[in-house]
Protein chains: 2
Amino acid sequence: MPELKFLLLTHQPHLSPSTSRPKEVWKKGGRLFSILLAVHLVLLACTLVSSGAFEKIAVHDYDVFFLLTVMMLIVIIWIFFYLVGTSKRQNAILYKDSHAGPVWLRGGLVMFAIFSLVMDVFKIGYYSSFENCQIAIKIIYPVVQAIFVIIQTYFLWISAKHCVQVHLDVTRCGLMLTLTTNLAVWMSAVTDESVHKSHSKFNSTTEQSAALIMKAGKSSSADICQCKTQICEIFQNGYFWLYPFNIEYSLFASAMVYVMWKNVGRLIDDHAHLVHRLKFRLFRRTFFVGIVLGLIVLVSGLGVLIVYEVQVNTHSNDEKKNQALVMYYIFNIVCLSLMSAVCIGGSIVYRFDKRDMDRHKNPTRTLDVALLMGAALGQYAISYYSIVAVVASTSRDTKSALNLTYSLLMIAQHTFQNIFIVEGLHRQPPEERHKTSSHRKDLYGLTFVNINTISLRIPDGGSVLGSSTPPNTEAIQASDDVQSIRMPKKVNWRSKALREISLFLLLSNIILWIMPAFGARPQFDNKQELDFYGKPMWSAIVDICLPFGIFYRMHAVASLLEVYITS
Amino acid sequence: MPELKFLLLTHQPHLSPSTSRPKEVWKKGGRLFSILLAVHLVLLACTLVSSGAFEKIAVHDYDVFFLLTVMMLIVIIWIFFYLVGTSKRQNAILYKDSHAGPVWLRGGLVMFAIFSLVMDVFKIGYYSSFENCQIAIKIIYPVVQAIFVIIQTYFLWISAKHCVQVHLDVTRCGLMLTLTTNLAVWMSAVTDESVHKSHSKFNSTTEQSAALIMKAGKSSSADICQCKTQICEIFQNGYFWLYPFNIEYSLFASAMVYVMWKNVGRLIDDHAHLVHRLKFRLFRRTFFVGIVLGLIVLVSGLGVLIVYEVQVNTHSNDEKKNQALVMYYIFNIVCLSLMSAVCIGGSIVYRFDKRDMDRHKNPTRTLDVALLMGAALGQYAISYYSIVAVVASTSRDTKSALNLTYSLLMIAQHTFQNIFIVEGLHRQPPEERHKTSSHRKDLYGLTFVNINTISLRIPDGGSVLGSSTPPNTEAIQASDDVQSIRMPKKVNWRSKALREISLFLLLSNIILWIMPAFGARPQFDNKQELDFYGKPMWSAIVDICLPFGIFYRMHAVASLLEVYITS
């Protein structure tokens with residue numbers, strides 16, 4: 001096979017001389033292989049995890065643990081290779097994506113990493129409590145996971161912004177492997193938690209639930225080895241309580257790794273490389289309305305959750321259970337109505353916002369939007385199934401009316417909130433606009449002029465406006481001047497309102513994350529859907545969709561923080 | 001609310017004067033609403049269809065039919081509005097996307113539309129056979145569907161290439177509604193067919209399967225109304241046989257509508273607007289190797305399918321069933337091995353191919369690639385579950401060895417074929433290269449120079465090559481001359497080989513489409529996975545994933561036809 005060498009000459013006007021170095025011939029082709037690798041690994045992991053979740057199927061949890069351990073070890077080796085080899089090479093990292101890995105995302109990652117480490121310690125402690133009847137892999141797995149979490153967090157902290165320019169194929173495959181491993185760990189954790197939840201829901205009719213939770217832990221030798229000691233039970237309950245943090249850790253890491261993968265081989269225009277130095281000033285120029293309202297919702301939500309959990313899980317009479325459910329629904333309906341109203345208000349405020357839309361290529365933001373829209377599907381699906389069940393079934397009591405309202409509001413709130421966040425993420429930060437406005441026009445080749453502001457009367461026909469390009473370049477300057485004079489008084493109330501709104505939404509989303517993440521399952525406690533669809537189908541729907549719904553809340557919090565800071 | 005008007009000035013160098021007319025301020029925002037509409041409708045349809053599939057759930061097929069009928073009527077109204085209103089407006093369609101709706105896609109659409117109409121006639125005939133005990137909606141539904149198919153096919157035939165510039169929001173929503181309706185019809189058809197298949201597989205132990213198939217038709221009044229007459233049975237069997245065509249029709253229409261949606265508001269650069277006039281010359285300059293081999297595979301495959309269906313469905317002893325299964329697996333293994341080898345050969349041929357990669361924005365191709373990769377997931381998932389079942393279960397006989405080989409080859413073949421097709425779709429057609437090569441360089445700002453051809457010895461350091469831009473512009477001219485001299489003899493064998501390969505793959509994919517589309521279900525006949533996962537789980541996996549696998553074959557045929565024509 002004759003060796004073909006391609007020499008690449010770039011003479012694009014936008015690129016500065018330093019960027020005209022060999023670039024990939026065909027980026028899509030370079031990505032193809034790593035995508036295929038990821039697809040196969042994800043499917044293999046998915047098959048094993050889903051098979052391992054059913055007790056009847058002859059695939060055990062240690063098979064899954066074995067696969068995950070091997071994957072994590074390979075990723076650890078690759079990360080060492082990247083840190084020592086790839087990133088140290090000459091010209092390896094010429095550009096950094098200023099949007100990737102913002103400090104709050106990395107901060108969140110470290111926080112979740114710490115909780116994950118505690119969880120691993122608990123797991124090791126739990127499995128060490130009865131070492132005689134456990135397979136070695138069950139202790140090796142949390143140990144390797146702890147090492148993996150530490151190394152990966154360090155790796156992402158220092159290299160989340162990198163746009164790698166060397167070892168393109170190896171780096172892409174390594175990153176995809178990392179992504180896949182995180183997703184596999186996430187699937188395994190979600191499945192394990194769902195199995196645990198459904199076991200403790202449907203089986204623990206007696207007080208002695210320890211043995212049953214044990215079974216829910218799905219150790220195949222559960223019948224021989226019982227978790228009897230006090231410390232063992234603490235370890236077990238502890239690690240199940242910490243699962244939500246580990247789940248979020250995997251998703252945060254996946255998102256950051258994906259953005260790194262998108263940035264491999266990316267040449268960022270030097271002009272566009274504006275470093276965003278946004279100061280994170282909490283409470284700057286706010287009226288404290290948003291934060292106070294949000295905190296009220298948060299605290300009352302915590303109260304509702306505790307009462308609900310106690311009432312439902314202590315297995316008193318149905319009357320009290322129903323009361324707890326009604327209370328839960330009413331709290332959620334009030335909270336969701338408030339949030340929907342506030343989101344609509346925010347979208348109206350944006351109508352008055354004259355800031356330009358930011359059209360830069362920004363993989364982080366594209367991913368954020370896609371994840372928000374995608375993760376919302378989980379809650380949408382649950383809500384639609386609930387609605388169909390309530391409408392089609394004949395019973396017409398308070399509980400079903402509340403359930404219907406709750407489901408409808410859930411759909412409305414997700415929709416309005418997504419519109420609000422997407423619009424917010426696409427606005428330019430106000431601080432930068434003045435410094436960069438004249439510059440950005442060259443980049444976009446597009447300028448927005450507010451006709452009212454410059455009080456120019458031009459006939460309405462679009463073609464007339466479009467064809468009169470030369471005279472308007474002066475008008476742009478004029479409008480800029482006018483805008484910068486008008487700015488202080490006009491912008492103030494708008495950005496203040498947006499900040500109040502995003503803070504309130506942020507806090508409300510936190511409580512709506514806490515509730516399902518820490519065990520509230522009105523979908524099962526309210527027997528309506530369970531009776532309508534039957535246990536297997538409804539469990540499958542909730543267990544598959546709810547993790548996405550929970551992730552949505554977490555992700556919305558991160559996005560709202562960004563909206564808060566940029567507004 | 002003060003009225004804000006945005007005046008947009010475009011001064012991008014690439015755009016010709018005629019394109020500098022008012023464009024959307026924020027395209028993503030314009031798309032957001034239509035996406036949300038589509039998401040909600042798809043989820044609602046999905047909920048109803050999946051609930052309607054289970055007999056225990058109090059959602060009936062006529063609920064689904066009602067929803068679909070309403071959706072189709074709205075789409076028909078919108079299409080009339082589009083044809084009479086939107087497309088007749090001044091400046092409504094300034095550009096046409098030359099890649100969208102190629103003639104073979106539209107031809108395929110018309111062919112499937114005709115079969116769908118025949119299916120609707122059969123359905124009307126079937127439901128009219130016992131009008132006393134059927135609900136009116138069951139006859140209205142196929143009537144409306146027939147009208148919908150005719151109008152939609154006409155609409156797509158004349159406007160698939162349109163880049164609409166007026167009524168942007170209405171058009172986007174209308175197109176998304178059309179897309180959603182097609183997907184809902186597809187879901188309903190796939191579910192109905194799967195239910196029918198599984199009923200006739202698991203229930204028809206007696207010869208009198210008519211009553212059971214009737215139940216599989218899922219008419220809720222099945223117990224009262226029996227399909228007893230000869231003509232009624234013919235109608236029923238007829239429409240189930242024609243389902244695969246209707247399913248493909250919906251998917252073809254969805255793909256074309258999606259491309260139209262992507263093209264709404266798109267301004268195509270006039271320079272890039274090269275009309276591809278590729279003559280569809282079958283058998284041009286081929287050695288007939290591909291077509292002969294392909295036809296052998298096709299005919300023998302048909303033979304295998306008929307023998308298999310007869311042997312398995314006549315319920316003779318297990319011995320004969322096993323023989324049929326072994327025969328089926330051996331045929332598939334031979335076929336898949338051949339195809340994999342040929343795909344690898346094709347990819348090697350591409351290594352010698354000096355044609356430029358086509359980097360134009362091309363929504364049709366992006367969609368094609370995404371659909372190929374996405375639809376392959378269906379078959380991947382089935383194969384992975386099969387592999388896990390075979391590996392984890394203890395039985396080690398010929399059948400399980402064949403099943404394992406078959407699953408592994410299925411994965412390999414999908415992967416290699418995807419790589420081959422993706423690479424083929426991204427090459428420029430050879431005829432155009434000479435006419436447009438000098439022109440394209442300006443557009444991309446990128447030029448590929450084969451160092452070996454022009455025998456220039458430059459040191460290997462990337463920075464040296466990159467910085468010497470001016471002298472190499474002459475070298476480009478030189479290399480072009482050299483290439484055009486070398487072309488005739490070199491290109492010939494390569495494009496001939498690629499044509500042979502794509503024709504063979506095309507015919508093989510047709511037989512691999514026919515087999516599952518017309519009822520071969522080795523996944524169920526081979527009891528291995530059924531015993532391992534249990535009936536509910538394995539049925540769910542196969543019923544959800546197999547439609548994607550079948551669609552993959554159909555779509556691969558269309559893509560291979562394109563590769564054949566462009567190579």
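Below, read A as the first sequence line, B as the second, and so on, with proteins coming before strands; counting in each chain starts at 1.
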(message) Please output the residues of residues 42-49 of chain B in contact with chain A, using a heavy-atom cutoff of under 4.5 Å, in numerical order.
(response) B/Leu43, B/Leu44, B/Cys46, B/Thr47, B/Leu48
(message) List the residues meeting ring pair (Phe, Tyr, Trp, His ring centres under 6.0 Å) with A/Tyr533, not counting sequence neighbours, and say none if there are none.
(response) A/Tyr385, A/Trp538
(message) Below 4.5 Å, heavy-atom pairs only: which of B/Ala392, B/Ser51, B/Gly534 has the largest tally toward chain A?
(response) B/Ser51
(message) Given heavy-atom pairs under 4.5 angstrom as the criterion, report whether the side chain, backbone, both or neither of A/Val39 touches chain B.
(response) side chain
(request) Could you tell me which portion of B/Leu36 (side chain, backbone, both or neither) has an atom closer than 4.5 angstrom to a non-hydrogen atom of chain A? (result) side chain
(message) If the contact rule is any heavy atom under 4.5 Å from chain B, which residues of residues 372-381 of chain A qualify, in numerical order?
(response) A/Met373, A/Leu377, A/Tyr380, A/Ala381
(message) Which atoms of B/Val388 are under 4.5 Å from chain A, going by heavy atoms: the side chain, the backbone, both sets, or neither?
(response) side chain
(request) Using the test ring pair (Phe, Tyr, Trp, His ring centres under 6.0 Å), find all partners of B/Phe416 that sit at least two apart in sequence or belong to another chain. (result) none
(request) Could you look at A/Ile387 and say if it's the side chain, the backbone, both or neither that has a heavy atom under 4.5 Å from chain B? (result) neither
(request) Would you indicate whether A/Phe548, at its atom CZ, is surrounded by more than 12 heavy atoms from other residues, nucleotides or ligands within a distance under 6.0 Å? (result) no
(request) Please flag which part of A/Ser50 lies under 4.5 Å from any non-hydrogen atom of chain B: side chain, backbone, both or neither. (result) both
